[in-house]
Visitor: 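Structure provided below as structure tokens; questions to follow.
All values below come from the heavy atoms of this structure, side chains included, with hydrogens, waters and symmetry mates left out.
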Amino acid sequence: MRHIAIANLQLVQEWDVLVAELLAELRNKDADGRAEALGKASFSAWRMIIPLLRRLSHNKCYYSERRLNFGIADVDHYRPKSRVAKCDLNEGDTHRGYWWLSLLVSNFRLSAPQCNRLIEDVIAEVVSGKGTRFPIRGVRALDEGDLIENEEAMLLDPMVPTDPALLTFDDLGQVKPTADDENSIDHQRAKISIRVYNLDDGGVTSLRGHFCTRAKHLAQTLEELLELEVFTLTQRRQLVETMIELKELVRDDAEFVTAVRTTLRAFNYIPFIAEALEEWE
């Protein structure tokens with residue numbers, strides 16, 4: 001997860017018109033009518049906004065940093081638009097969604113399907129993926145006019161500059177909370193987010209681990225080459241190629257770049273790596 005600066009999103013005038021018209025329509029409907037209206041509006045809305053959201057993250061999932069290939073991407077509503085999952089509510093409570101935020105760009109997160117859609121592992125009896133989950137502490141906003149500032153979101157948010165740093169990674173791409181204290185709110189939020197966003201999915205972890213392992217191998221190769229006093233032509237070529245590949249792995253548009261940079265920080269004593277990390281951070 002990396003910070004996504006939503007303020008950099010350049011909206012077209014048609015979007016503002018669409019939002020104003022839909023909000024006016026939603027205010028005059030009951031909960032069922034709002035859900036139906038939102039469903040009808042979705043296609044035209046996402047067709048307009050997805051290319052802009054892709055641009056902000058270099059076409060990567062906001063949660064996992066996995067590349068979104070073949071045009072497959074979900075627009076996740078950080079605060080769900082039509083309902084909130086019962087597991088995140090008090091017993092007996094219902095919530096028909098944050099409908100008044102349904103077309104606010106500040107509520108959108110471009111997501112890989114594995115992070116956004118519910119996935120049930122029948123054998124392990126585990127359900128992962130965000131779906132309509134939105135756990136909070138504090139007072140939940142129930143309708144337009146309620147203050148969402150009274151909610152303390154338990155899901156990490158890539159739009160919040162300090163949230164991505166609450167996750168860290170090992171050399172094999174395994175994700176874990178940065179905070180060691182299991183009772184701390186930072187640890188709890190990270191733990192919940194890893195599960196809900198499915199960030200520890202085996203396929204994603206394996207792919208992330210490939211990039212981290214490659215980065216570590218390149219760093220070790222670079223260290224060995226730089227210790228040489230005299231280079232052969234082959235070694236000089238290898239040195240240049242190693243530096244080029246390392247630079248590519250830490251670019252903002254690189255896949256799983258946060259995990260890769262975490263791995264490479266262990267080699268910060270190598271000036272080239274320190275400079276490469278500083279250039280992109």
Visitor: Under the criterion side-chain contact (heavy atoms from CB on, under 4.5 Å), I'd like the reasoning laid out for R140 against N150: C-alpha separation, chi angles, the key distance, then a yes or no.
Guide: CA-CA 7 Å; R140 190 179 292 278; N150 291 334; over 6 Å; no

Visitor: Donor-acceptor pair, distance only, cut-off 3.5 Å: does the side chain of Y63 make one with the backbone of L156?
Guide: no

Visitor: Linking I/L/V/M/F/W/Y whenever any side-chain heavy atoms sit under 4.5 Å apart, do L110 and M48 land together?
Guide: yes

Visitor: Under the side chain to side chain contact (heavy atoms under 4.5 Å, CB included) rule, collect the residues that match up with T221, sequence neighbours excluded.
Guide: H217, L225, Q238, T242

Visitor: For residues 226-235, run the donor-acceptor check on the side chains, cut-off 3.5 Å, and write out each pair with its distance to 0.1 Å, sequence neighbours left out.
Guide:
| from | atom 1 | to | atom 2 | distance (Å) |
| --- | --- | --- | --- | --- |
| T232 | OG1 | Q235 | N | 3.1 |
| T232 | OG1 | Q235 | OE1 | 3.3 |
| Q235 | OE1 | T232 | N | 3.0 |

Visitor: For the side chain of S184 and the backbone of D181, is there at least one donor-acceptor N/O pair under 3.5 Å apart?
Guide: yes

Visitor: Determine, for R189 against D163, whether the closest basic-nitrogen to carboxylate-oxygen distance falls under 4.0 angstrom.
Guide: yes

Visitor: Just wondering, more than 12 heavy atoms not from K247 lying within 6.0 Å of its NZ?
Guide: yes

Visitor: Under the 3.5 angstrom rule, does the side chain of N107 hit a backbone N or O of L103 as a donor-acceptor pair?
Guide: no

Visitor: For D30, check side-chain hydrogen bond (donor to acceptor under 3.5 Å, both in side chains) against everything at least two apart and list the hits.
Guide: none

Visitor: Is the backbone N or O of P158 less than 3.5 Å from a side-chain atom of H3, with the two atoms forming a donor-acceptor pair by type?
Guide: yes

Visitor: Should side-chain heavy atoms under 4.5 Å link Ile, Leu, Val, Met, Phe, Trp and Tyr, which residues sit in the same cluster as V240?
Guide: I244

Visitor: Would you say the side-chain atoms of T178 pair up with the backbone N or O of A165, donor to acceptor, closer than 3.5 Å?
Guide: yes

Visitor: Please, which pairs that meet side-chain hydrogen bond (donor to acceptor under 3.5 Å, both in side chains) have at least one residue in residues 202-211, sequence neighbours excluded?
Guide: none

Visitor: Apply ring pair (Phe, Tyr, Trp, His ring centres under 6.0 Å) to residues F134 and Y78 and explain how you reach the verdict.
Guide: CA-CA 8 Å; F134 193 68; Y78 181 65; 5.0 Å; yes

Visitor: Show every salt bridge (Lys or Arg N to Asp or Glu O under 4.0 Å) that has at least one partner inside residues 90-114, sequence neighbours left out.
Guide: D32-R96, R109-D157

Visitor: For T132, give me all partners under side chain to side chain contact (heavy atoms under 4.5 Å, CB included), at least two apart in sequence or on another chain.
Guide: P80, R83, A85

Visitor: Within the 3.5 Å criterion, strictly below it, is a donor on E223 or Y269 matched to an acceptor on the partner's side chain?
Guide: yes

Visitor: Apply side-chain hydrogen bond (donor to acceptor under 3.5 Å, both in side chains) to R79 and list each qualifying residue two or more places apart in sequence or on a separate chain.
Guide: E151

Visitor: Using the side chain to side chain contact (heavy atoms under 4.5 Å, CB included) criterion, which residues pair with V250? Sequence neighbours excluded.
Guide: V260, R261, L264, A276, L277, W280

Visitor: Please identify each residue that fulfils side-chain hydrogen bond (donor to acceptor under 3.5 Å, both in side chains) with T258, with sequence neighbours left out.
Guide: E65

Visitor: Is K60 salt-bridged to E255, going by a charged N under 4.0 Å from an acidic O?
Guide: no

Visitor: Can you name the nearest heavy-atom pair linking F108 to S102, along with the distance?
Guide: CE2-O, 3.3 Å

Visitor: Without hydrogens or angle criteria, can the side chains of D143 and W99 be said to hold a donor-acceptor pair below 3.5 Å?
Guide: yes

Visitor: Okay, side chain of D170, backbone of L172: is any donor-acceptor separation there less than 3.5 Å?
Guide: yes

Visitor: Would a distance-only check, ignoring hydrogens and angles, find a side-chain to backbone donor-acceptor pair under 3.5 Å from N59 to L68?
Guide: yes

Visitor: Just checking F256 against F169, ring centres under 6.0 Å apart?
Guide: no

Visitor: Using the side chain to side chain contact (heavy atoms under 4.5 Å, CB included) criterion, which residues pair with L142? Sequence neighbours excluded.
Guide: H95, D146

Visitor: Taking side-chain hydrogen bond (donor to acceptor under 3.5 Å, both in side chains) as the test, write out the residues that go with R133, two or more places apart.
Guide: D88

